[in-house]
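Below is one structure, written out as C-alpha cells, with a few remarks after it.
Numbering of residues begins at 1 and proceeds along the displayed sequence.
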Amino acid sequence: MLDLHTHILPAMDDGSRNVDETMEMLAAEKAMGVTRIALTPHFYPHREDPERFLRRRARCYAQMENDARYEGVRPKRLLLGAEVAYFEGISRMEDVEKLCIGDTRALLVEMPFCRWNDRMLGEILYLQKHCDLQPVLAHVERFLKYQPGGLMEELADSGVCLQVNASFFLHWQTRSKAMKMLSRGQIHFLGSDCHNMQARKPNMGDALQTISKKLGKDALQHLTRMERMLLEGTR
Ligand SMILES: [Fe+2]
C-alpha cells in the first residue's frame, strides 16, 4: 500500500525533527505493511522558490539515505514530492511540475481553510486541463465544512483527485462520513500525513483494517487501483 502524504524527511519542515525520528517513522510504516511512501514536505511559495526547496529536500534525503539504519527500514518505493500550499497564480508557476510526486504528474495541493472561490477552483482545474498535471487535493476532510454540498463530487467528476488522511477513518465522529465518501468514489488516495511518533504518527495500517472490516476488500481494491494508475502515469 502507498502512503501518499508524509512528513518523514529529517528536519525539512514541521515533521520529523531528526534522522532518529525519521528511522522510527519508516520502521513504523514498514511494520504496517506500507511499502510505498511519498515524502511530501510543505512547500510554501512565499517562503522559498522551488529551486531552493528542491536543494534543501535533496540534502535532507541524503542525510536519511546515508544513515546506516536506512537499509533496514527502506520502503520498496520512495517518491520525493511536496505538499504545495495553494496560492494565487499556482497554475502559472514556473517549474511547478518539479514539485510533483516522484516521476508522476501528480501534484499534492493543500487548499486554504475557507470556502473555495471560483478563482481557486479555476486554477486547480486549469492545472489539470491545460498543464497536463494531476492535482491531488490534500486532506480534503479538513475543508468539507467550508464547502457547499456536492463540491467534492463535482471535483472528483472533473478528474481532480482527493486525498484524505487515515485519521478520517479512525475517529468515531468522522468514520461514517469517510466510509460514505469512499463508497461513492470520492476518495482516491489515503495518506497518514504523519509528522512524528507521538500525536501524528504513521497510522495507515489501522485505517486500512477499519476500511476492510466495514466495507470489505473491494474498497481497498479501489484504492490500490488508483495507486497503480498514479504510479504507472495513467492518471
Ligand atoms: Fe501534510
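Taking hydrophobic clusters as Ile, Leu, Val, Met, Phe, Trp and Tyr residues chained together by side-chain heavy-atom distances below 4.5 Å, L121 shares a cluster with V84. Put simply, Y146 and V164 are part of the same group of oily side chains (I, L, V, M, F, W, Y) that touch within less than 4.5 Å, one to the next. When hydrophobic clusters are built by joining Ile, Leu, Val, Met, Phe, Trp and Tyr residues whose side-chain heavy atoms come closer than 4.5 Å, directly or via intermediates, Y126 is not grouped with L137.
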- Might you work through the side chain to side chain contact (heavy atoms under 4.5 Å, CB included) test for L125 and S158, ending with a clear yes or no? CA-CA 8 Å; L125 293 173; S158 307; 3.8 Å; yes
- Stepwise, does the salt bridge (Lys or Arg N to Asp or Glu O under 4.0 Å) test hold for D13 with R47? CA-CA 12 Å; D13 59 3; R47 287 194 199 159; over 6 Å; no
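In summary, the side chains of E83 and H139 do present a donor paired with an acceptor at a separation below 3.5 Å, with no hydrogens or angles considered. Defined by atom type and a distance below 3.5 Å, a donor-acceptor pair is present between the side-chain atoms of Q163 and N165.
Note that the CE atom of M25 and the CG atom of N196 stand 6.0 Å from one another [nearest 0.5 Å]. How far CG of L155 is from CE of M111: 8.0 Å, rounded to the nearest 0.5 Å. Note that CE of M229 is 8.5 Å distant from CZ of R225, once rounded to the nearest 0.5 Å. Taking CG of L230 as the start and CZ of R105 as the end, the distance is 12.0 Å to the nearest 0.5 Å. Rounding to the nearest 0.5 Å gives a distance of 7.0 Å between CG of L144 and CD of E141.
Heavy-atom contacts from other residues, nucleotides or ligands closer than 6.0 Å to CD of Q198 number more than 12. Within 6.0 Å of CG on D118 lie no more than 12 heavy atoms contributed by other residues, nucleotides or ligands. The number of heavy atoms from other shown groups lying within 6.0 Å of NZ (K201) does not exceed 12.
Residues I211 and A219 approach most closely at CG2-CB, 3.8 Å, considering heavy atoms. Across F143 and P112, no two heavy atoms sit closer than the pair CD2-O, 3.6 Å. Summarising the geometry of V19 relative to R69, their closest heavy-atom pair is CG1-NH2, 4.1 Å, with the distance given to 0.1 Å. Considering all non-hydrogen atoms of both residues, E123 and G89 come closest at OE2-N, 2.7 Å. Between F168 and T174, the shortest heavy-atom contact is O-OG1, 2.8 Å. Pairing each heavy atom of I187 with each of A178, the nearest pair is CD1-O, 3.6 Å.
With contacts defined as side-chain heavy-atom distances shorter than 4.5 Å, the pair Y70/Q63 does not qualify. Considering only heavy atoms from C-beta on, L26 stays 4.5 Å or farther from R74 through its side chain. When side chains are defined from C-beta on, T6 counts as touching E29, because their heavy atoms get closer than 4.5 Å. When side chains are defined from C-beta on, D3 does not count as touching M32, because their heavy atoms never get closer than 4.5 Å. Residues S16 and M197 fail the side-chain proximity criterion, which asks for heavy atoms closer than 4.5 Å. Using a 4.5 Å cut-off on side-chain heavy atoms (C-beta onward), R77 and L231 make contact. Residues L4 and T40 fail the side-chain proximity criterion, which asks for heavy atoms closer than 4.5 Å.
Taking the charged nitrogens against the carboxylate oxygens, D14 and R200 have no contact shorter than 4.0 Å, which rules out a salt bridge. Under 4.0 Å is where a charged nitrogen must lie from a carboxylate oxygen, and between E88 and R119 at least one such pair does.
L182 pairs in a side chain to side chain contact (heavy atoms under 4.5 Å, CB included) with only one of the listed residues (L220, L190, L223), which is L223. Considering I101, L79, T224 as possible partners of L2, the one that fulfils the side chain to side chain contact (heavy atoms under 4.5 Å, CB included) test is L79.
Below 30°, between 30° and 60°, or above 60°: for Y44 and H46 the angle between ring planes is between 30° and 60°, a tilted geometry.
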